[in-house]
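Because only heavy atoms are used, hydrogens play no part in the values below, and waters and symmetry mates are left out as well, while side chains stay in.
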Amino acid sequence: MPETLASSQIHVAVDLLIATVRDGKLGVLLSRRPEAPYQGCWALPGQLLPLEESAETAAESLLMEMLPMDRAYREQLFTFTDVNRDPRGRVISIAYLVAVPWQQLEGCLARPEAKLECFMAAHRGDTLCLTGPDGHPVEEDQLAFDHGRILRTGILRLRGKITYSELGFRFLNRMDAFSLGELQTVFEAILGEKQDKSNFRRNILARYEASGRICQTEDLHKKGRGRPAMLYCYHP
């Protein structure tokens with residue numbers, strides 16, 4: 001990407017906030033910028049929009065380039081238009097929120113050519129808290145551009161939608177065979193707080209089972225020494 005952009009033009013970029021749930025925590029994918037501006041800083045994957053592509057097409061192409069996989073949920077997050085968000089020139093960013101199950105993501109990140117790394121993310125009040133793969137914290141002002149703001153916006157979107165939409169199911173390793181305990185782990189990771197098991201189960205079944213969007217399978221899931229858990233299937 002060029003270090004400067006034409007000052008008389010408005011440029012458009014697409015950025016991807018790729019989120020997952022790993023070991024009961026919310027994770028986001030970042031990579032080191034190989035060039036100026038913000039060379040060496042952590043950033044969301046993104047690119048300037050090619051003249052011949054729509055934002056949707058560019059986001060899909062970038063996602064497949066970074067993470068070739070069969071299943072990833074994507075929706076437009078927000079359009080960031082602050083005047084000075086990019087030191088190269090006037091750049092508007094169309095950001096997309098991507099939800100990926102960790103089981104699928106893990107194999108992609110293990111590839112030798114993979115450039116993305118998984119950071120644990122939390123949003124407390126107005127503060128974004130990131131922990132790198134090495135266990136060290138990364139401050140928001142260490143991120144490139146306004147990617148800290150994009151991350152905060154994305155986490156708030158996740159928290160706002162998970163209680164009334166299908167978004168939480170998109171983080172499950174299998175939507176055709178999951179336990180309510182696995183789904184509760186996803187909710188707790190995104191909401192950043194523990195959920196009462198009985199209330200959670202009752203609310204999920206009332207919201208989704210009655211409408212036929214989830215149903216019990218004939219399989220059971222045995223984990224640990226306790227009673228096997230009933231498995232459910234989600235119908236989008």
Side-chain angles (χ1 to χ4, degrees), residues 1 13-48 58-75 77-78 80 85-87 91 93-124 127-159 167-168 170-173 185-186 188-192:
M1 294 175 66
V14 291
D15 290 300
L16 303 180
L17 196 175
I18 304 171
T20 190
V21 172
R22 177 185 183 184
D23 299 329
K25 296 181 180 180
L26 178 63
V28 296
L29 300 191
L30 302 173
S31 64
R32 292 274 192 190
R33 279 189 57 79
E35 56 192 18
Y38 300 103
Q39 185 174 13
C41 291
W42 292 105
L44 298 170
Q47 66 176 28
L48 291 176
E60 182 178 1
S61 300
L62 178 61
L63 181 60
M64 290 303 298
E65 177 186 339
M66 304 294 288
L67 298 171
M69 60 174 54
D70 296 330
R71 192 180 123 213
Y73 172 83
R74 185 184 74 251
E75 67 176 51
L77 173 62
F78 194 73
F80 296 86
R85 59 175 306 276
D86 191 319
V91 179
S93 172
I94 302 174
Y96 288 84
L97 177 63
V98 182
V100 186
W102 173 248
Q103 194 172 63
Q104 293 191 38
L105 189 58
E106 189 174 17
C108 292
L109 297 182
R111 296 178 305 149
E113 66 272 22
K115 299 178 181 179
L116 296 170
E117 296 195 47
C118 186
F119 285 67
M120 297 298 102
H123 187 222
R124 303 183 182 94
T127 304
L128 174 67
C129 303
L130 293 172
T131 303
D134 57 2
H136 289 92
V138 176
E139 301 297 330
E140 182 174 341
D141 58 10
Q142 294 177 277
L143 301 178
F145 305 107
D146 57 350
H147 289 185
R149 183 189 173 199
I150 296 178
L151 282 166
R152 284 188 279 109
T153 303
I155 293 174
L156 290 176
R157 166 73 64 84
L158 284 171
R159 290 180 177 178
L167 196 50
R170 298 293 180 171
F171 291 93
L172 294 168
N173 290 323
T185 297
V186 170
E188 290 176 343
I190 291 174
L191 294 173

Below 4.5 Å, heavy atoms only, C-beta onward: do [X] and [Y] meet side chain to side chain?
| X | Y | value |
| --- | --- | --- |
| Tyr96 | Leu44 | no |
| Leu29 | Val98 | no |
| Met120 | Arg22 | yes |

Shortest non-hydrogen contact from Cys108 to Leu67?
->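 Reported closest heavy-atom pair: CB-CD2, 3.7 Å.
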Closest heavy-atom contact between Arg111 and Met66?
->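 Scanning both residues, the minimum pair turns out to be NH2-O, 3.1 Å.
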Separation between [atom1] of [X] and [atom2] of [Y], rounded to the nearest 0.5 Å:
| X | Y | atom1 | atom2 | value |
| --- | --- | --- | --- | --- |
| Arg159 | Ile190 | CZ | CD1 | 9.5 Å |
| Leu116 | Leu16 | CG | CG | 9.0 Å |
| Glu75 | Arg170 | CD | CZ | 10.0 Å |
| Thr153 | Leu158 | OG1 | CG | 11.0 Å |
| Arg157 | Leu167 | CZ | CG | 9.0 Å |
| His123 | Leu130 | NE2 | CG | 10.5 Å |

When you measure from the side chain of [X] to the backbone N and O of [Y], does any donor-acceptor pair fall under 3.5 Å?
| X | Y | answer |
| --- | --- | --- |
| Arg152 | Thr127 | no |
| Thr20 | Val100 | yes |
| Thr185 | Gly24 | no |
| Gln142 | Glu139 | yes |

Decide if atom CD of Gln103 counts as having more than 12 heavy atoms of other residues, nucleotides or ligands within a radius under 6.0 Å.
->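 Not buried by this count: 12 neighbours or fewer within 6.0 Å.
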Measure the acute angle between the ring planes of Phe145 and His147, then classify it against the limits of 30° and 60° as parallel, tilted or perpendicular.
->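 It falls in the tilted class, 30° to 60°.
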